[in-house]
Structure formats: structure tokens, C-alpha cells
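Inspection log for the structure reproduced underneath, given as C-alpha cells.
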Amino acid sequence: MDHDRSSGEGVGPQEYTLIKMRVQELHGKLASLAPKVVFLIAATLRPETMYGQTNCWLGPDLNYIAVEAKNGNVYVCTKRAARNMVYQGMLRVENKVLPIVEMKGYELMGTKLTAPLTSYKTIYTLPMMTVKEDKGTGVVTSVPSDAPDDFAALIDLKNKPALREKYGITEEMVNVEPVPIIDVPEFGTLISAPSVCQMMGIKSQNDKEKLVEAKEKVYLRGFYEGTLIIGEFKGKKVQEIKKAIQEKLVKAGEAELYQEPEKQIISRSGDECVVALCDQWYLDYGESEWRKQIEQSLSDLDTYHGEVRRNFEATIDWLKGHTCARTYGLGTRLPWDEKWVIESLSDSTIYMAYYTFNLRASGKDLVPNHLTYYLYNHTAIWPTQKEMWPTGIRANGHLLLNSEKMSKSTGIFLTLTDTLDKYGADGMRLALANAGDSIEDANFETQVADSGVLRLWTFVELAKELMIEKDTMRSGPNTVNDKMFIAEMNLMIRETEEHYKTLMFKESLRTGFFEYSNLFHQYHLSLTKASEYLAEASHCFRLRLKSHMTSGKGKKGETPTAPQPPSHGIVWVAKTFPKWQSIILTTMHDIYKKNKSLPDNKELSKALGSAPSLKKYMKKVMPFVQAVRERMDKFGESALKDTIEFDERSILEENMDYLQATLDLEGIELKWTEECENERTQEEVVPGEPYLTFFNATCLQLELINPQPHTGLFQAILPVYENNNLAAILNRLKRCERSVKPSMKITFHRFKDPVLGPRVIPTMADILQGTEQISEDAFFSLKGDSIHYTSNGSMTYLGTKILYLVQ
């Protein structure tokens with residue numbers, strides 16, 4: 001039962017054909033078995049290839065045992081294989097492995113065997129280092145004409161006398177040649193494995209990667225496309241006669257059917273599981289009428305993910321009889337045979353029908369078993385009452401912690417209590433929602449939980465500030481930007497509602513929190529072509545600033561000097577495209593409108609090469625064409641127009657505060673490219689793609705002091721540039737002092753005596769003693785090494801320190 005396994009859920013039994021190779025002469029440890037008939041038994045998936053056996057492989061260092069078969073003969077195999085056989089009724093004693101003799105593989109080397117179907121009357125046991133104890137019986141048939149591994153191992157033994165001598169193998173024992181048995185397209189009637197090994201340059205068993213590739217080629221082509229060229233089934237397709245040859249061997253007593261798990265299965269008690277043949281009750285899943293009902297149930301079922309539906313469909317395709325009872329444990333007694341208890345996955349699938357709910361949430365690993373049984377059993381109990389059938393199943397993956405599987409043994413886990421204590425309920429919900437929506441494993445990231453707590457706190461603080469500023473906000477009719485903002489918010493609300501309906505919580509978080517929050521920060525940007533332009537321009541400006549601040553390579557042995565952060569910038573804006581670029585854009589646009597797409601660059605080159613006015617620019621033409629193609633990926637057909645649909649200079653002017661803030665610059669000038677002395681700037685800057693250059697302006701330092709007690713504000717030293725106004729000083733202060741909030745009202749005060757005033761000890765009774773407020777229309781100028789300010793047409797020396805108060 002799947003739920004009794006600690007590993008290997010979903011793994012089923014694999015059927016093998018046990019080939020019985022009779023020992024001709026009992027020597028060594030096998031001598032004690034006389035006069036019994038002894039067989040080395042090999043597990044194979046390809047009984048049709050037994051016509052090509054040339055020898056038998058054993059692992060020289062593996063442990064083998066001899067056990068008595070049910071008919072009195074003796075089988076030699078690994079203990080693991082015998083453990084499977086003993087539970088399948090193949091050995092004399094059931095449920096217990098009783099070895100008669102134990103031996104190492106090297107003690108059996110050179111044993112003479114008689115094998116079924118092969119043209120060799122005698123084959124020998126030979127050493128192969130790659131024989132595994134955890135798969136099959138540890139005894140391997142060798143068919144070098146069809147198996148690249150067998151061919152490579154046989155060649156090694158032929159070419160290495162020292163290896164033969166180590167295991168007592170004579171030259172006569174390896175004096176065999178591969179037997180052609182299958183005609184494979186591409187390889188013809190030649191021997192497939194040797195041909196492929198020669199083609200791929202495989203020299204020995206050590207070419208492991210090549211051998212894996214060769215095996216895939218030969219086995220797949222041989223089984224699905226090959227034709228048998230030997231024996232009574234000669235001329236028939238291999239995949240058609242596999243079962244017939246298996247039955248022939250079993251009927252002749254030369255083989256038996258044997259099963260073992262496809263992969264290792266470990267029970268919850270820590271034991272390795274086997275395939276057992278025993279009495280059992282089955283639920284006949286897959287029965288035609290019952291299957292029609294479940295297919296109808298599935299068609300009406302909301303699975304939320306297409307992948308979950310496909311998994312159900314695949315399970316219904318392969319699911320047939322299912323064991324539904326066991327003789328131990330808790331559970332409901334089987335009504336007609338009370339020594340049996342209904343196993344848990346079959347016993348817990350119909351009680352949900354008694355509760356009024358529309359959704360079953362469960363793990364994706366239960367789709368191939370429990371959840372499919374759940375659908376089957378509801379249709380069986382209520383075949384005509386569809387209202388009792390399940391209406392929705394939401395399957396999810398497992399939960400990882402920081403991309404690692406949670407496990408108490410490794411210490412990688414979080415309890416609900418610890419998570420709530422650390423992140424709070426909202427922070428935990430945010431991180432869980434962000435972990436993932438699909439049936440892939442969700443990933444709870446502690447970093448996301450940490451940042452989520454901060455995001456939520458910031459969001460709440462923003463809401464508080466907006467409520468404080470509500471009375472000062474603009475009123476009146478909505479502007480175009482207001483209407484677009486409202487429309488975008490409503491769209492996010494609708495999308496979020498749909499995501500919640502389909503249980504897409506990560507998508508709900510994206511649209512209902514992250515993108516919804518971002519809309520506020522984009523409020524002042526028009527959601528038109530102009531806003532896209534501003535976003536792209538500011539992005540390019542930030543990249544330009546990053547490049548500007550990257551240190552160049554210093555001289556050998558010297559550390560490069562970090563560039564000084566710029567204080568100001570100039571944005572160069574082009575009124576028009578250069579004439580040659582306008583010609584290219586017009587030509588490309590005409591072609592696009594005619595064909596609804598652009599041809600390849602070769603065709604465009606022909607069309608543009610015929611324009612006489614482009615002759616002198618031909619080296620620049622195709623690079624420009626490629627650049628336009630890349631812009632089309634972002635902007636579509638509008639990238640082909642030689643004009644833009646908005647006044648970019650006006651947009652930049654209106655958003656100058658935003659640009660200065662995002663670039664952390666004190667000032668930005670706007671200029672036309674025709675004013676620039678740099679020819680490259682004039683040539684390369686085009687409409688819609690402004691260019692930014694940087695410089696450092698002259699400034700003097702001004703000390704701003706907050707004399708108010710208990711504000712947490714003290715002093716700030718800020719640069720003052722020529723013609724700065726009071727608003728510029730205020731913005732600079734807000735960037736420097738994060739505690740100065742947008743909602744605060746700030747006033748600035750100068751000392752009446754700029755020299756002695758800052759030296760007077762202030763009194764708490766009158767913190768503004770000896771000062772006067774600076775009027776809001778004041779602007780500052782630099783005279784040598786001193787700062788002056790002008791107000792009402794009068795210029796006054798400011799000094800090096802002023803006061804500021806917050807309200």
C-alpha cells in the first residue's frame with residue numbers, strides 16, 4: 001500500500017522472464033548440491049534475444065546463494081532475488097529464505113552452462129564488474145549481438161589475458177562470436193551492438209557514457225522496428241513475438257515468470273519491500289461501465305489546473321484492479337470476509353459526500369491513487385445522483401522551505417507557531433501566497449516573509465499619511481490621469497477577484513497587492529504612450545548613471561579611483577530624426593503596412609540599397625535597421641514612425657522632480673541636440689530616445705539645525721547651488737532626513753547676525769531668538785565662498801548656518 005511506504009510511492013511491480021541455465025558439471029561449492037539439478041537463473045526483459053546468448057555474466061564480488069525451488073531443483077541467485085521469489089511461491093519454503101550454499105561470484109567463474117534457445121551447446125560464466133545486486137537476480141544473460149555492454153565486456157576479456165587469468169577464465173571460454181538475431185533498419189542484418197560500438201568508437205567497458213547512448217539506440221530500434229531472423233518466429237516483428245517466446249520458454253520448463261519492484265521501495269518500518277503473490281480482494285477500477293461514469297464525473301469536475309486534469313486522465317487510462325484490503329491494522333472490516341480490513345486509501349473516499357462542500361484540497365501525490373478512488377467510489381455509491389459527486393479538486397505540490405525539502409532530521413523546518421511568532425499572521429499569509437499556485441512544489445521563502453512584513457508596514461504607514469493629507473488634496477473634476485488611475489485600479493480588482501475564484505493565490509497577491517500598490521506610485525505618470533516613454537527614458541538614464549559611476553581600469557599596480565557622483569545633468573532631446581534615418585523608417589513602415597510584417601534583413605538590405613540618398617550611409621543602415629527591429633519588440637508598429645505622438649520635452653519638464661529624485665541629482669537642464677557641440681550626440685540622439693550627460697556644479701555647504709526638543713531631528717549639512725530656491729533646499733532636506741515626512745510643514749529661519757547669531761547659546765523659552773523666517777520666494781546665490789539670498793529684490797548675506805522647524 002502506498003501509504004505504508006516511506007519511499008517509493010507509486011512504484012509498481014516489474015515482470016521479468018527468469019531464464020534457467022542448467023549447470024552441466026557441479027564443481028567447487030556447487031558439488032555439495034549433487035545429485036540435484038542446479039540452474040543459474042537470469043532475469044531478462046527481452047526473452048526474444050535468448051537466441052543470441054554466448055555466455056553468462058556474474059559479478060565477481062557479489063554474494064550468491066543456492067536455494068531449493070518448489071519442484072526440488074536448485075536455483076542460484078542473489079539473496080535479494082530469492083527474497084522476492086519466496087513470496088511468489090517459487091521456492092520450496094514460503095515466506096523465508098533458506099540458503100543451501102552461499103558463495104562469491106568469483107567462485108563460480110568458468111562454470112559450464114546449458115542455456116535455452118542459443119546455438120551454443122555450452123556457454124560459460126564470465127566476470128562483469130557492472131552487474132548489480134539491487135536489480136534482477138545478479139545473473140545476467142550475455143547477448144553481444146544485441147547489447148553494447150555485453151559486446152564491450154566480451155572484447156575486454158578477449159583482449160586482456162591478465163583479466164582472464166585473475167578469474168581462471170581460459171581462452172576457450174571467450175572464443176565465441178556474436179550471433180546475428182535481429183534485422184534492424186539502418187544496421188540491416190549486420191550485428192547491431194558491434195556495429196554501433198564501432199560507429200561510436202567504443203573501445204571498452206570504461207566508455208560508460210557512450211555505452212548508455214549506444215544501448216538506447218540498439219534497444220529502442222531493435223525492439224520497436226526489428227525483425228527476428230532466427231528460430232521458429234523468423235520474419236516476425238520483435239515486439240509482436242516477445243510474449244509468444246516467453247510462453248514457449250515457460251511451457252518448456254526453461255523459464256519462469258518473476259516480479260520485483262520497478263525501483264526500491266522502503267516501508268515505514270525501514271524494510272525493503274518485495275512483490276508478493278497472495279490472496280487479495282480487488283476493486284475493479286477500469287471496468288468499462290464504471291469507467292464511463294468516472295469519465296463523466298471528471299468532465300464535470302473543476303480541477304483548477306489543466307495538468308491535474310491530465311494526471312487524472314492518465315491515471316484512469318492505466319488504473320485497473322486495486323488491492324483494497326489487508327489482514328492487519330485499524331479500519332473497517334470487509335463485510336463479506338471479516339478477516340480482512342479495508343485499507344486506508346479505499347476506506348476514506350466516500351465520507352466526504354455527507355458534508356456540504358464544493359472543494360477537496362489535497363496533495364498532487366494523491367491524484368494517482370486516493371483522489372481517483374475518491375471519484376470512482378462516489379459514482380459507485382450514488383450512480384444516478386450526480387449532486388453527490390465531487391465538484392472540485394484543488395491539488396497542490398509539497399511545501400519547500402527556501403528551496404529545500406522540509407525534514408525534522410536535517411533541521412530544515414518551521415512550525416506554524418514559530419512562523420506566526422516570527423512573521424505574524426499577515427506576513428505568513430503573504431509568503432505562503434507567494435510560494436506558488438501550480439502543482440509544482442511551493443517554496444516558502446523566509447526572505448519573502450521578512451520583506452513582506454516590511455512591505456505591509458510601509459503600506460499601512462502610507463495609508464496613514466494619506467489620511468492625514470486628505471484635506472489638503474486636490475478636489476474637483478477628475479483629470480485624464482485620474483480616470484486612467486481609477487480604471488487601472490478597477491481592472492486590478494476584477495483580475496484579483498477572478499484569481500481568488502480559481503484559487504490562484506500567488507496571482508491574487510500579484511494583482512491585488514504588488515501591482516495594485518505600484519499603481520499608486522505610477523499615479524503621476526500618464527498610462528499612455530507618454531508614460532511608457534517616461535518609464536523607458538528614466539530607465540535608460542539610470543543605466544547611464546550606473547555606467548558613469550563605474551570605475552575604469554587604473555594603471556598597472558594602481559587602484560582605480562571611484563568617480564565622483566555627479567550633481568547635475570543635461571538631457572539632450574532631438575526634434576527630428578536625421579534625414580537618412582527618416583528614409584529608412586518610412587521605407588520599413590511602407591513595407592510593413594503592405595505585408596503586415598517585415599521581411600528578413602537580406603530583403604530589407606536590397607530595398608534600402610536602391611535609395612541613392614543612403615549610399616554614403618550604407619555602413620550604418622543595417623545596424624540601424626536591427627535597432628529598429630529590437631524597438632518593435634517593445635513598442636510594436638509605432639517604432640517604425642519617424643515622428644512621436646507626444647511632446648517629449650513637455651513630459652520631461654513636467655516630471656523633472658521625479659527624474660531628479662530617481663537619479664539623485666540636484667538639477668537637470670533640458671536642451672535640444674542642435675545646441676550640443678558633440679557631433680555624435682547630434683547624430684545618434686533621435687526623437688523618443690533622449691540622452692543624459694552629467695557634470696558637477698559649484699556649490700557651498702550650508703548647515704541646517706533643528707532646535708526643537710524631542711523631534712529626533714538634529715542637524716544636516718546640505719549643498720547649495722547657484723539660484724537654488726527654498727523648495728530645492730526643502731526637497732534636499734527631505735532626501736537627507738528620512739524623518740522629515742511629506743505631511744510636515746517646514747519653515748526656515750536665518751540668523752539676523754549671520755556671524756555671531758549661531759554662537760549665542762539658545763534658550764528653550766525662545767528657540768528662535770535672534771532669527772527671522774526666510775520668505776518662500778527667496779532664492780540663493782553664491783558669491784565667492786559665501787552664500788547670499790535674495791527676497792523682495794534685496795540680497796542679504798546668509799551665513800553658514802540656518803534653523804528649520806517642523807510642524
Return the [atom1] to [atom2] distance between [X] and [Y], rounded to the nearest 0.5 Å.
X      : Y      : atom1 : atom2 : result
Leu663 : Leu665 : CG    : CG    : 5.0 Å
Ile570 : Ile668 : CD1   : CD1   : 10.5 Å
Ile393 : Leu371 : CD1   : CG    : 5.0 Å
Ser538 : Leu692 : OG    : CG    : 11.0 Å
Asn678 : Tyr691 : CG    : OH    : 8.0 Å
Glu469 : Thr472 : CD    : OG1   : 5.5 Å

Minimum-distance pair of heavy atoms, taken over all atoms of [X] and [Y]:
X      : Y      : value
Asp437 : Met504 : OD1-C, 3.3 Å
Ala639 : Leu585 : O-CD2, 3.7 Å
Ser781 : Glu722 : CB-OE2, 3.4 Å
Ala395 : Ile439 : O-CG2, 3.4 Å
Val571 : Leu652 : CG1-CD1, 3.9 Å
Pro690 : Ala537 : CG-CB, 4.0 Å

Side chains of [X] and [Y]: does their closest heavy-atom pair fall under 4.5 Å?
X      : Y      : result
Cys736 : Leu718 : yes
Leu726 : Phe780 : yes
Leu399 : Asp441 : no
Leu545 : Pro566 : yes
Lys364 : Val308 : no
Val686 : Pro578 : yes
His398 : Lys405 : no
Val628 : Ile584 : no

Does the pair Thr673 and Val573 meet the rule for a side-chain contact (heavy atoms from CB on, under 4.5 Å), with working shown?
CA-CA 6 Å; Thr673 52; Val573 181; 5.9 Å; no
Is there a donor-acceptor pair under 3.5 Å between the side chain of [X] and the backbone N or O of [Y]?
X      : Y      : result
Asn696 : Ser567 : yes
Thr662 : Leu659 : no
Asn725 : Phe779 : no
Thr681 : Glu677 : no
Asp600 : Glu603 : yes
Lys615 : Gly609 : yes
Glu507 : His499 : no
Asn434 : Leu430 : no
Glu498 : Glu495 : no
Arg309 : Leu298 : yes

Under 3.5 Å, which donor-acceptor pairs do the side chains of residues 442-450 form with other protein atoms, sequence neighbours left out?
{"unit_1": "Asn443", "atom_1": "OD1", "unit_2": "Asn402", "atom_2": "N", "d": "3.2"}
{"unit_1": "Asn443", "atom_1": "OD1", "unit_2": "Ser403", "atom_2": "N", "d": "2.6"}
{"unit_1": "Asn443", "atom_1": "ND2", "unit_2": "Ser403", "atom_2": "OG", "d": "3.0"}
{"unit_1": "Thr446", "atom_1": "OG1", "unit_2": "Asn402", "atom_2": "OD1", "d": "3.4"}
{"unit_1": "Thr446", "atom_1": "OG1", "unit_2": "Asn402", "atom_2": "ND2", "d": "3.3"}

Between Asn601 and Arg629, is the side chain to side chain donor-acceptor pair (under 3.5 Å) condition met? List the steps.
CA-CA 10 Å; Asn601 283 354; Arg629 280 187 181 277; 2.6 Å; yes
Assess whether a salt bridge exists between [X] and [Y], defined as any Lys/Arg side-chain N lying under 4.0 Å from an Asp/Glu carboxylate O.
X      : Y      : answer
Glu497 : Arg494 : no
Glu689 : Arg631 : yes
Glu666 : Arg735 : yes
Arg680 : Glu684 : yes
Lys464 : Glu461 : yes

side-chain contact (heavy atoms from CB on, under 4.5 Å) between Asn490 and Ile493, worked out:
CA-CA 5 Å; Asn490 289 335; Ile493 291 170; 4.2 Å; yes
Does the side chain of Asn724 come under 3.5 Å of the side chain of Arg732 through a donor N or O and an acceptor N or O?
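Looking only at side-chain atoms, Arg732 and Asn724 do form a donor-acceptor pair, the distance falling under 3.5 Å.
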Are there over 12 heavy-atom neighbours, none belonging to Phe514, within less than 6.0 Å of that residue's CZ?
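Yes.
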Mind running side-chain contact (heavy atoms from CB on, under 4.5 Å) on Glu669 and Phe695 for me, showing each step along the way?
CA-CA 11 Å; Glu669 297 180 59; Phe695 67 94; 3.8 Å; yes
Worked check of side chain to side chain donor-acceptor pair (under 3.5 Å) between Glu637 and Tyr592
CA-CA 8 Å; Glu637 184 181 353; Tyr592 181 86; 4.8 Å; no
Those residues that, when tested against Arg738, pass salt bridge (Lys or Arg N to Asp or Glu O under 4.0 Å) (two or more places apart):
none
Could you list the residues that satisfy side chain to side chain donor-acceptor pair (under 3.5 Å) with Arg455, not counting sequence neighbours?
none
Using 30° and 60° as the class boundaries, would you call the ring planes of His548 and Phe694 parallel, tilted or perpendicular?
tilted
Go through the steps to decide whether Arg394 and Asp302 satisfy the test salt bridge (charged side-chain N to carboxylate O under 4.0 Å, His left out), and finish with yes or no.
CA-CA 8 Å; Arg394 171 66 157 86; Asp302 188 352; over 6 Å; no
What verdict does the side-chain contact (heavy atoms from CB on, under 4.5 Å) test give for Tyr721 and His568, after you've listed the backbone C-alpha separation in whole Å, the side-chain angles of each residue and the deciding distance to 0.1 Å?
CA-CA 10 Å; Tyr721 298 89; His568 289 69; 3.4 Å; yes
Before giving the answer on side chain to side chain donor-acceptor pair (under 3.5 Å), spell out for Trp580 and Ser613 the whole-Å C-alpha distance, their side-chain angles and the decisive distance to 0.1 Å.
CA-CA 7 Å; Trp580 67 273; Ser613 54; over 6 Å; no
Check the pair Thr511 / Thr496 against side chain to side chain donor-acceptor pair (under 3.5 Å), numbers first and verdict last.
CA-CA 6 Å; Thr511 56; Thr496 303; 2.8 Å; yes
